[in-house]
Structures are given as C-alpha cells and as structure tokens.
J.: 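Okay, handing you the structure first.
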Amino acid sequence: KHSESIKKSFQDGLYQADLERALKYSLIQEISLTDEFTNDKLQALTIYLEVLANYFPLRKGNSEFLIRLHEIVANETSLTGEIFKNIVTKLQQELSPVFMEHREWTGCKGSAPRFRGFPCGLWTLFHTLTVSYAKDVGDEANPSGVESPSIILGAMYGYIKNFFGCSDCASHFVDMANRRNYSAVMIPDDAILWLWEAHNEVNQRLSSDYTEDPVYPKIQYPSWKHCNTCRHGNTSWNLQEVLHYLKNKYSRIILSNQPVL
Ligand code: FAD
C-alpha cells in the first residue's frame with residue numbers, strides 16, 4: 001500500500017528546481033526590495049535564514065551558502081535591501097555553483113505566465129521545511145537541543161508579514177495564522193498538519209477566483225486521485241494518512257527539471 005502511495009506522490013511531484021527558484025526569488029526579488037530593515041524585519045530575516053540554513057535541502061553540496069548567509073546577517077545591526085543583495089551575490093560568486101541551473105518553474109509552472117510560479121514555490125518551500133524539520137527531530141514534543149516546531153511556522157509568519165510582495169495575501173495569512181494560533185504548535189508533525197490545513201483554507205477561499213489557473217484548479221488537497229486513503233469517505237480526513245502522504249511528497253525531491261507525468 002505504501003509503495004503505491006510513494007508512486008502517486010511522485011506524480012504530484014516536488015522539484016528541486018522549484019525549491020531553488022523560490023529561494024532565489026525570495027532573496028533577490030523580495031527581501032532585497034526592502035529599503036531599510038527595522039528591528040522586526042531584521043529579526044524576521046534572521047529567523048528565515050536560520051531555518052533555511054538548518055532545513056533547506058540545497059543540493060550541489062552547498063549548504064555552506066545558507067549557513068554563511070545566516071551568520072553574516074545575524075551579526076548585522078543595520079541593513080538595507082541593497083546591502084543584503086550584495087551579500088547574497090558575493091557569497092553566490094564565492095561558493096559557485098550554489099544552485100542548479102534552472103530557468104523555468106517545473107511543478108509550479110502555470111498554463112500562462114501570470115499563473116502560479118513564485119507563490120506556488122513559496123508554499124512548496126515552507127511545506128518542505130516543516131517536513132524536513134520533523135524528519136530531523138523525530139516525534140518528540142519540545143525536542144531538546146533544537147528550536148520548537150513553531151520556529152518553522154514563525155519563520156513563515158515573519159517572512160509573509162514582512163517581505164511577501166502580495167500585501168493582501170500577507171494580511172489574510174497573518175490574520176489566519178493568529179486565529180489558528182501558530183505559535184502554540186509544539187509537535188513537529190502538528191506543524192506539518194497546521195500548514196496543510198491553513199493552505200487548504202486558502203485554497204477554499206481562492207477556489208474559482210480569477211487568479212486560479214484553469215488547468216490547476218484549487219482543491220482540498222491532496223486529491224482523491226493522489227491519495228485515496230486520505231479521506232474517510234467524503235466527510236472527513238484521515239489525518240494519519242494525510243501526514244504520511246505529506247511526509248512522502250515533501251521529502252522526495254525530484255532533481256530532473258522535466259515534470260513526471
Ligand atoms: P498553490 O496553492 O500555490 O499550491 C502549491 C502546491 O502546493 C500545489 O500545486 C500542491 O502541489 C501543493 N498543495 C496545495 N494545497 C496544499 C495543502 N493544503 N497542503 C500541502 N500542499 C498543498 N493569492 C490570492 O489571490 N489571495 C490570497 O489571499 C493569497 N494568499 C496567499 C498566502 C500565502 C502565504 C501564499 C504563499 C500565497 C497566497 N496566495 C494568495 C497565492 C495562492 O495561494 C497560490 O499560491 C497561487 O494562486 C498559485 O496557486 P497554485 O495553483 O500554484 O497552488
């Protein structure tokens with residue numbers, strides 16, 4: 001049964017290309033647009049980079065890029081977007097090649113350029129971080145020696161609030177995250193499910209919206225086709241199976257830049 005679910009999670013694929021594009025875009029196109037970093041923004045950036053340094057699956061053997069970037073920023077007391085961009089560019093040149101060469105979105109490619117792309121990549125990145133964290137620390141509540149699971153959700157909250165280019169989306173997300181009490185999540189698997197549920201709430205709100213790519217309609221995820229054990233009939237979720245599916249999907253990274261059909 002489980003090897004079947006692994007096969008299906010490949011069709012609903014997670015691509016290294018998308019993770020890296022989302023990361024690069026967030027550093028260069030979003031964070032770097034900040035004029036002056038207030039204390040709040042600097043703190044949000046430091047936490048985002050810490051979480052990336054610890055849990056982002058950077059290939060090319062180059063986790064050093066994120067570790068060094070985090071160290072540099074953690075020691076800054078004031079920063080501008082321009083300076084941050086220079087730091088990123090310099091490190092990238094020094095440690096080259098940091099990223100795989102991909103010019104296009106793969107799993108996040110829309111049917112037209114205005115659809116999908118970066119917002120899809122950003123969701124994907126944060127789902128991957130929740131799973132990568134849980135795999136790293138196991139099932140312990142309040143694992144010792146590492147930060148609590150809410151650091152991942154907190155990093156996302158801080159990123160969206162301070163840097164996400166779509167300000168309406170950001171204020172919706174911040175309200176929802178507060179309502180859903182993201183900072184109280186204490187168990188790694190619960191952080192995975194928290195983000196899954198929150199994302200489904202956004203999917204529900206945006207279903208049939210003009211922003212929806214007609215080829216990729218917003219669904220309550222995962223689809224029955226990809227996980228037929230994830231639902232108890234039509235009425236409720238089987239959370240164990242959903243968790244299992246999410247852990248498979250968000251840890252089995254496809255390196256090819258051709259979608260698996
Ligand atoms: P996305 O919703 O971007 O999902 C990306 C991929 O994640 C999917 O292809 C699927 O593989 C997987 N996935 C889908 N649902 C789940 C789930 N529940 N759990 C785990 N994985 C899942 N747009 C607006 O117009 N208004 C908003 O208010 C808004 N708020 C946003 C808030 C945030 C934090 C983010 C990151 C984006 C927001 N967006 C908003 C953009 C919107 O949510 C979509 O990202 C965008 O419309 C592209 O949709 P998509 O079809 O590529 O799928």
Side-chain angles (χ1 to χ4, degrees), residues 14 17-53 55-56 66 69-70 73 79-85 87-88 105 107-110 113-133 149-183 185 191-192 194-207 209-213 216 218 221 250:
L14 171 69
D18 290 348
L19 291 172
E20 293 191 4
R21 275 192 74 108
L23 170 62
K24 277 198 281 190
Y25 191 100
S26 84
L27 299 177
I28 301 293
Q29 309 286 126
E30 293 213 305
I31 296 169
S32 296
L33 298 185
T34 309
D35 286 337
E36 186 84 41
F37 284 73
T38 58
N39 284 345
D40 277 2
K41 281 191 196 290
L42 195 53
Q43 198 191 2
L45 175 60
T46 309
I47 295 173
Y48 178 58
L49 294 177
E50 180 187 348
V51 159
L52 290 172
Y55 304 109
F56 185 89
L66 288 168
L69 188 57
H70 170 243
V73 170
L79 194 65
T80 64
E82 181 112 14
I83 293 173
F84 179 72
K85 192 173 176 178
I87 296 171
V88 171
W105 294 102
C108 282
K109 190 171 163 61
R114 70 179 181 282
F115 295 126
R116 311 193 74 212
F118 177 63
C120 169
L122 197 61
W123 279 119
T124 306
L125 185 152
F126 282 109
H127 286 296
T128 304
L129 293 175
T130 59
V131 168
S132 167
Y133 174 89
S150 63
I151 190 166
I152 308 283
L153 301 178
M156 178 169 183
Y157 182 90
Y159 183 89
I160 299 294
K161 184 175 173 189
N162 290 289
F163 305 115
F164 193 35
C166 166
S167 53
D168 274 0
C169 307
S171 70
H172 275 131
F173 184 80
V174 164
D175 288 349
M176 173 176 69
N178 288 328
R179 168 166 48 79
R180 289 179 172 272
N181 214 358
Y182 74 96
S183 58
V185 176
I192 299 175
W194 187 96
L195 191 55
W196 160 76
E197 229 175 3
H199 193 168
N200 267 346
E201 184 180 323
V202 177
N203 292 345
Q204 179 86 52
R205 179 161 49 80
L206 296 179
S207 169
D209 189 75
Y210 74 101
T211 58
E212 181 179 71
D213 187 330
Y216 299 93
K218 299 276 189 290
Y221 180 94
Y250 287 106

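Heavy-atom basis, side chains included; hydrogens, waters and symmetry copies ignored.
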J.: How many angstroms lie between CG in L52 and CG in L66, if you round to the nearest 0.5 Å?
T.: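 L52 atom CG to L66 atom CG measures 5.5 Å (nearest 0.5 Å).
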J.: Taking atom types as modelled, find out whether Y48 and S26 have a side-chain donor-acceptor pair closer than 3.5 angstrom.
T.: yes
J.: Minimum heavy-atom separation for F118 to A22, with atom names?
T.: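 Nearest heavy atoms, F118 then A22: CE1-O, 3.5 Å.
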J.: Indicate yes or no for a side-chain donor-acceptor contact from T38 to the backbone of K41 under 3.5 Å, with no hydrogens or angles considered.
T.: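 A pair under 3.5 Å: yes.
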J.: Quick one: does I152's side chain get under 4.5 Å of V185's, heavy atoms only?
T.: no
J.: Using the test ring-ring contact (aromatic ring centres under 6.0 Å, His included), find all partners of F115 that sit at least two apart in sequence or belong to another chain.
T.: none
J.: Just by distance, do the side chain of T130 and the backbone of A191 share a donor-acceptor pair under 3.5 Å?
T.: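 Side chain of T130 to backbone of A191: no pair is present.
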J.: side-chain contact (heavy atoms from CB on, under 4.5 Å) with D35: which residues, sequence neighbours excluded?
T.: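 side-chain contact (heavy atoms from CB on, under 4.5 Å) check on D35 returns nothing, list empty.
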J.: Within the side chain of W196, is there an N or O that forms a donor-acceptor pair under 3.5 Å with the backbone of Y221?
T.: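 Yes, W196 side chain to Y221 backbone: donor-acceptor pair under 3.5 Å.
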J.: Measuring only between side-chain heavy atoms, which start at C-beta, is N181 closer than 4.5 Å to W194?
T.: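 Heavy-atom side-chain distance check fails, nothing below 4.5 Å.
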J.: Supply the atom-to-atom distance Y157 OH to N178 CG, rounded to the nearest 0.5 angstrom.
T.: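 The distance works out to 3.5 Å.
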J.: With sequence neighbours left out, write down each residue that passes salt bridge (Lys or Arg N to Asp or Glu O under 4.0 Å) with E197, or none if nothing qualifies.
T.: R180
J.: What are the two closest non-hydrogen atoms of D18 and G107, and how far apart are they?
T.: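 The answer is OD2-N, 2.8 Å.
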J.: Q29: what forms a side-chain contact (heavy atoms from CB on, under 4.5 Å) with it, not counting sequence neighbours?
T.: Y25
J.: The criterion is side-chain contact (heavy atoms from CB on, under 4.5 Å); which residues satisfy it with I83, sequence neighbours excluded?
T.: L79, T80, I87
J.: Report the distance from atom OG1 of T34 to atom CD of E82, rounding to the nearest 0.5 Å.
T.: 12.0 Å
J.: Tell me, please, which residues at least two apart from R114 pass salt bridge (Lys or Arg N to Asp or Glu O under 4.0 Å).
T.: none
J.: Can you tell me how far CD of E201 sits from CG of L206, rounded to the nearest 0.5 angstrom?
T.: 10.5 Å
J.: Mind listing the side-chain donor-acceptor pairs of residues 161-177 below 3.5 Å, one per line with the distance, residues two or more places apart or on another chain?
T.:
unit_1	atom_1	unit_2	atom_2	d
N162	ND2	G158	O	2.9
S171	OG	D168	O	3.3
H172	ND1	D168	O	3.3
H172	ND1	R205	NH1	3.3

J.: For the CG atom of L49 and the OH atom of Y159, what is their distance to the nearest 0.5 Å?
T.: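 Answer rounded to 0.5 Å: 10.5 Å.
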J.: Heavy atoms, side chains only, cut-off 4.5 Å: are T128 and Y55 in contact?
T.: no
J.: For W105, check ring-ring contact (aromatic ring centres under 6.0 Å, His included) against everything at least two apart and list the hits.
T.: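 In terms of ring-ring contact (aromatic ring centres under 6.0 Å, His included), with neighbours along the sequence ignored, W105 is linked to no residue.
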J.: Can you give me the closest heavy-atom contact between G81 and F37, atom names plus distance?
T.: N-CE1, 3.6 Å
J.: Who pairs with H127 by ring-ring contact (aromatic ring centres under 6.0 Å, His included), at least two apart in sequence or on another chain?
T.: H199, Y250
J.: Does Y133 form a side-chain contact (heavy atoms from CB on, under 4.5 Å) with I192? I'd like the steps, not just the answer.
T.: CA-CA 9 Å; Y133 174 89; I192 299 175; over 6 Å; no
J.: Quick one: side chain to side chain donor-acceptor pair (under 3.5 Å) partners of N200, sequence neighbours excluded?
T.: N203
J.: What pairs with K109 under side chain to side chain donor-acceptor pair (under 3.5 Å), at least two apart in sequence or on another chain?
T.: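 Residues passing side chain to side chain donor-acceptor pair (under 3.5 Å) with K109: E104.
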J.: Please name all residues satisfying side-chain contact (heavy atoms from CB on, under 4.5 Å) with E212, sequence neighbours left out, ordered by chain then number.
T.: S207, P217, K218
J.: So, taking the atom named CG in L45 and the one named CD1 in I31, what distance separates them when rounded to the nearest 0.5 Å?
T.: 5.0 Å
J.: Testing the basics here: between G121 and C108, what is the closest heavy-atom pair and its distance to 0.1 Å?
T.: N-SG, 3.4 Å
J.: Closest approach of H70 and T46, non-hydrogen atoms and distance?
T.: CD2-O, 3.4 Å
J.: Around D209, counting heavy atoms of other residues, nucleotides and ligands shown, do more than 12 lie under 6.0 Å from its CG?
T.: yes
